[in-house]
Amino acid sequence: MRSLDAFAGQKLAALDAQSLRRRLSPTRRHDGAVVERNGKRMISFSCNDYLNLSQHHLVRAAAAEAALNYGAGAAASRLVTGDHPLLSDLEKRLARLKGTEAACVFGSGYLANTGVIPTLVGPGDVILIDALAHACIWAGAQLSGAKVVKFAHNDPADLERLLLAERGAARHALVATDGVFSMDGDIAPLDALSELCQRHDAWLLSDDAHGVGVLAEGRGSGALFPTAKIPLQMGTLSKALGSYGGYLCGSQAVVDLLKTRARTLVYATGLPPASAAAALASLDLIAANPTMTEVPLAKARLFTRRLGLPEACSPIVPVVLGSAESALAASTELQNQGFLVVAIRPPTVPDGTARLRIAFSAAHEDADIIRLADAIAKLRETAS
Ligand SMILES: *Cc1c(COP(=O)(O)O)cnc(C)c1O
């Protein structure tokens, strides 16, 4: 189709002109934090494998054994024949970790949010979302048909203003936020958000993709706020847990409803048994050695201290550079020095805030972190 290819070509040319085109780069991971791209080995500061568990021999063995014993795929949706017994083991473990009655595992974190949100709210309801929340929360909100309202980032006063304006006209209200913000590394004020939600009868959903495994002995950002009540605790198996898949922890009633109504569960193939087995092995390793969960944040703090940045509160540290061009140039220069730090550009982050997003893991050597900090200090000096 000539019009189709012309359309795609024009879109690509426009993205190229703004330095906003993205390209895949086949990447292999090696021991520790080493990755290989285009034949070049670098130390990666862009993996979300905060505890390096995707590479752990026991996690790999668990995945391999499950694949050998049970097959490579789940072969059907969970409601048909894809509900392998490992999935209910995993759900029990996740519910215990998060202190909820029950849990529901999905094919990915993206599928969890796009399944959970439209199951709970729809036309006539309102969903209030932190301005910097993850793309899949916005996608789930759009699918729901509810009125979507944005509140200022980490600003309970703005949320309160909007709840006062919007809550009365809506049947149900959902408030959704990242627990740890994926591109900024800061943490939502879950105690204040929870208090507002209780006062205005709104349901709080926290997406803790980047908190589980690395904050509060692995329990995640919600556990940093003992007074917070978070009825909807979403997360992923794909980051610190080193596997693949997503989940929602909540009450038995909510989980039962998801398992009969969430479209991304009903109409998508179940999580492969190997992914569930790997996540269970990771949860075992964390339970046996909870102090390992403190290492990524300690590494991030070594970096922020060295650069004089505000102290890190999660393993994610942004170095905002502004334009997409400057972020790409900085990333290229760091790659020349042997560090893979991917540039993050709009629309993943707001216009004018392109950045290096640095993710610290237990696999990083302190000496490499100091070398990276000094390389970035030099880049910032020459840029200013
Ligand atoms: C990565 C991420 C997701 C998506 O999880 P996947 O399991 O990778 O699909 C959802 N929310 C946040 C905040 C994330 O960073």
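Atoms within each ligand, like the ligands themselves, are counted from 1 in listed order. What you are looking at is a predicted structure, and each value in this text was computed from that prediction instead of being measured.
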Do other residues, nucleotides or ligands put more than 12 heavy atoms under 6.0 Å from D256 CG?
yes
Hey, are D374 and R371 close enough for a salt bridge, meaning a charged N less than 4.0 Å from a carboxylate O?
no
Closest protein heavy atom (residue, atom, distance) for atom 9 (O) of ligand 1
Y110 N, 2.9 Å
Checking a contact table here: which protein heavy atom is nearest atom 11 (N) of ligand 1, and how many Å away?
D207 OD2, 2.5 Å
Looking at E333 and K378, does any basic side-chain N land under 4.0 Å from a carboxylate oxygen?
no
Between Y244 and ligand 1, does any nitrogen or oxygen pair lie at a separation below 3.5 Å?
no
So the atoms of ligand 1 within less than 4.0 Å of a heavy atom of S238 turn out to be 7 (O)
Return a yes/no value for N113: is any of its N or O atoms, backbone included, closer than 3.5 angstrom to an N or O of ligand 1?
no
Output the list of atoms in ligand 1 that are nearer than 4.0 Å to some heavy atom of G245, sorted by atom number.
7 (O)
Ligand 1 contacted by C136 (non-hydrogen, < 4.0 Å)
yes
Take F360 and F45 through the test ring-ring contact (aromatic ring centres under 6.0 Å, His included) and record every step on the way to the result.
CA-CA 6 Å; F360 292 92; F45 286 89; 5.7 Å; yes
Per-atom filter on ligand 1: closer than 4.0 angstrom to a heavy atom of S182 are 15 (O)
Numbered atoms and elements of ligand 1 in range of H210, under 4.0 angstrom, heavy atoms:
14 (C), 15 (O)
N or O contact, D178 vs ligand 1, cut-off under 3.5 Å
no
What's the verdict on side-chain hydrogen bond (donor to acceptor under 3.5 Å, both in side chains) for R357 and T348, showing C-alpha distance, side-chain angles and the deciding distance?
CA-CA 11 Å; R357 171 192 181 270; T348 305; over 6 Å; no
Test your reading of the structure: does A209 have an N or O sitting under 3.5 Å from an N or O of ligand 1?
no
Among all protein non-hydrogen atoms, which one is nearest to atom 6 (P) of ligand 1, and what is the separation to 0.1 Å?
G109 N, 3.4 Å
Starting from atom 2 (C) of ligand 1, what is the nearest protein heavy atom, named by residue and atom, and what distance separates them?
K239 NZ, 2.4 Å
Near T236, which atoms of ligand 1 are under 4.0 Å from a heavy atom of that residue?
5 (O), 6 (P), 7 (O)
Is it the case that the side chain of T304 and the backbone of E311 share a donor-acceptor pair, with hydrogens and angles ignored and the cut-off at 3.5 Å?
no
When you measure from the side chain of K147 to the backbone N and O of I127, does any donor-acceptor pair fall under 3.5 Å?
no
Would you say that more than 12 heavy atoms from the other residues, nucleotides or ligands in this model lie under 6.0 Å from the CZ of R171, or not?
yes
Is a side-chain N or O of S282 found less than 3.5 angstrom from the main chain of G242, in a donor-acceptor match?
no
